[in-house]
Amino acid sequence: MFGIFMESVVIFKLYTGLKLLLGLAAFAWIYLLLTERDKKIRILLVYAPIITILLFLFPVSRKIFVAAGLDGETYYRILWTIPMGVIFVYGACRFFASHRRIGLAVCAVLIVLCGSFVYKSPYISRAENLYHIPDTVVRICDLIGPERPGERVSAVMPPDLIHFVRQYDASINMPYGREMLVNQWDYYNAVYEAMEKPEVVDMEELLEATRTENCRYIVMAENKRTNEDPKDCGLVLLEVIDGYRVYEDPVTAKAQEQQWQEYYGDEE
């Protein structure tokens, strides 16, 4: 039991890696504990977070979590229910409302000292369009997207694009998603194995896998090495977009067209 408790403590420490936010939320929590009179808000922002943390650290809780058939590796997600940002913001607003002058000064200092320029983060970039996804993805999806209502197409995408495709066009299927990018999940997909694992792609192996998955389009980075020219293997280069080569497989395209005609030919 003690070992499970210590593992939960380590998980909690890793989850609270942003110590500044944790500290601000803690100060706001103490302020709300002492001053908040609304019972509903006290339950939501004062009592519920501390009960959640106590239950999270309680070894029996983790045993029940795993016994219920849930993945122990995702136990940390329980901490997502603690609204640290909401606690701090609400606490700061209440403090400002009660102490206008000193509240204004304290809140201003916190914003200046604790804030950071969001675009310094490698995970945040300026929006290139209304969809807030890279223009490259928009152009590729517009090129390969289905032309007929109700139609779907399948495409293989490089790992750096797969996060955005479904956000823009849900009619484009992919044989694998971000699950392949998390090593600890240890998923297997034949297309991913052929496309991303080797330094030099074996085109025969790749086409065998993509045709099994009915992938009509293959999008590859220009610097991706292959043992044969994809065009010599029957693929048609549609366009090169921002460093990505977009190929169409005529074999899969013909098979999908035949299927479409069998199902919907008479309606057209």
Side-chain angles (χ1 to χ4, degrees), residues 18 80 85 115-183 185 187 189-203 206-207 209-211 213-257 260:
L18 294 174
W80 289 358
S116 62
F117 190 56
V118 294
Y119 295 118
K120 288 183 177 179
S121 170
Y123 305 106
I124 299 177
S125 58
R126 293 182 182 276
E128 299 177 8
N129 48 59
L130 293 175
Y131 305 101
H132 288 255
I133 61 177
D135 282 335
T136 301
V137 177
V138 174
R139 293 176 59 193
I140 291 175
C141 290
D142 287 345
L143 176 65
I144 68 177
E147 299 178 355
R148 292 171 291 205
E151 187 180 11
R152 304 183 71 86
V153 298
S154 293
V156 184
M157 296 283 179
D160 52 327
L161 300 183
I162 59 177
H163 297 83
F164 305 106
V165 174
R166 184 55 56 85
Q167 298 179 49
Y168 180 70
D169 192 344
S171 65
I172 299 177
N173 295 334
M174 295 177 288
Y176 55 82
R178 76 178 189 92
E179 73 277 359
M180 300 306 302
L181 308 183
V182 182
N183 294 329
W185 291 353
Y187 281 98
N189 181 279
V191 179
Y192 183 83
E193 293 291 322
M195 178 88 162
E196 298 299 333
K197 287 297 182 71
E199 292 185 7
V200 179
V201 177
D202 186 314
M203 287 304 303
L206 175 62
L207 288 176
T210 55
R211 287 169 180 171
E213 294 284 348
N214 294 315
C215 294
R216 180 170 180 173
Y217 300 100
I218 300 176
V219 181
M220 305 177 68
E222 279 192 295
N223 59 2
K224 193 70 175 180
R225 298 164 55 198
T226 58
N227 65 336
E228 299 179 71
D229 190 329
K231 292 185 289 186
D232 293 339
C233 298
L235 298 183
V236 177
L237 179 62
L238 299 180
E239 192 174 336
V240 178
I241 300 177
D242 297 335
Y244 294 95
R245 295 171 290 173
V246 183
Y247 294 99
E248 182 179 26
D249 184 358
V251 174
T252 305
K254 182 178 180 180
Q256 291 181 344
E257 185 63 28
W260 178 271

Please collect all salt bridge (charged side-chain N to carboxylate O under 4.0 Å, His left out) contacts where either partner lies in residues 229-252, sequence neighbours excluded, each pair once. Arg139-Glu239, Arg139-Asp242, Arg211-Asp249, Arg216-Glu248
Indicate yes or no: at least one non-hydrogen side-chain atom of Pro159 is less than 4.5 angstrom from one of Met180. no
Nearest 0.5 Å please: distance from the CG atom of Leu143 over to the CD1 atom of Ile241. 5.0 Å
Among all residues two or more places apart in sequence or in another chain, which pass the side-chain contact (heavy atoms from CB on, under 4.5 Å) test with Ala190? Tyr188, Ala209
So, do Val137 and Val165 sit near enough that their side-chain heavy atoms are less than 4.5 Å apart? yes
Are Tyr168 and Asp142 packed together at the side-chain level, in the sense that at least one heavy-atom pair is separated by less than 4.5 angstrom? yes
Side-chain contact test, heavy atoms from C-beta onward, threshold under 4.5 Å: evaluate it for Gln256 versus Glu151 and give yes or no. no
For Asn173, the side chain to side chain donor-acceptor pair (under 3.5 Å) test, sequence neighbours excluded, returns Arg152
Answer yes or no: is there a side-chain heavy-atom contact under 4.5 Å between Thr252 and Cys215? no
Decide yes or no for Val156 and Met174: does some side-chain heavy atom of the first lie under 4.5 Å from some side-chain heavy atom of the second? no
Going by the rule side chain to side chain donor-acceptor pair (under 3.5 Å), which residues pair with Tyr244 if we only count those two or more places apart in sequence or in a different chain? Asp160
With sequence neighbours left out, what residues match Tyr176 under ring-ring contact (aromatic ring centres under 6.0 Å, His included)? Tyr192
Within a strict 4.5 Å, meaning less than it, do heavy atoms of the Ile162 and Leu181 side chains meet? yes
Side-chain touch Ser171/Val153, heavy atoms, less than 4.5 angstrom: no
When you measure from the side chain of Asp202 to the backbone of Ala194, do you find a donor-acceptor pair of N or O atoms at a distance under 3.5 Å? no
Name all residues meeting the salt bridge (Lys or Arg N to Asp or Glu O under 4.0 Å) criterion together with Glu179; count only those two or more places apart in sequence or in a different chain, and write none if there are none. none
Please report the interatomic distance OG(Ser154) to CD1(Ile218), rounded to the nearest 0.5 Å. 11.5 Å
For Lys120, the salt bridge (Lys or Arg N to Asp or Glu O under 4.0 Å) test, sequence neighbours excluded, returns none
Just jot down the salt bridge (Lys or Arg N to Asp or Glu O under 4.0 Å) partners of Glu213, sequence neighbours excluded, or say none. none
Should Tyr217 and Leu238 be marked as a side chain to side chain contact (heavy atoms under 4.5 Å, CB included) after you check the CA-CA gap, both sets of side-chain angles, and the distance that decides it? CA-CA 10 Å; Tyr217 300 100; Leu238 299 180; 3.6 Å; yes
Might you work through the side chain to side chain contact (heavy atoms under 4.5 Å, CB included) test for Val246 and Leu237, ending with a clear yes or no? CA-CA 6 Å; Val246 183; Leu237 179 62; 5.7 Å; no
Looking at CZ of Arg166 and NE2 of His163, how far apart are the two atoms once the value is rounded to the nearest 0.5 Å? 13.0 Å
State which residues pass side-chain contact (heavy atoms from CB on, under 4.5 Å) with Pro250; sequence neighbours excluded, sorted by chain then number. Val236
Rounded distance [0.5 Å steps], CD1 in Ile172 versus CD1 in Ile144: 4.0 Å
Under the salt bridge (Lys or Arg N to Asp or Glu O under 4.0 Å) rule, collect the residues that match up with Glu128, sequence neighbours excluded. none
Who passes side-chain contact (heavy atoms from CB on, under 4.5 Å) against Met203, sequence neighbours left out? Val201, Leu206, Leu207, Thr226, Asn227, Glu228, Pro230, Cys233, Leu235
With sequence neighbours excluded, residues passing side-chain contact (heavy atoms from CB on, under 4.5 Å) with Asn129: Tyr131, Ile133, Asp135, Val138
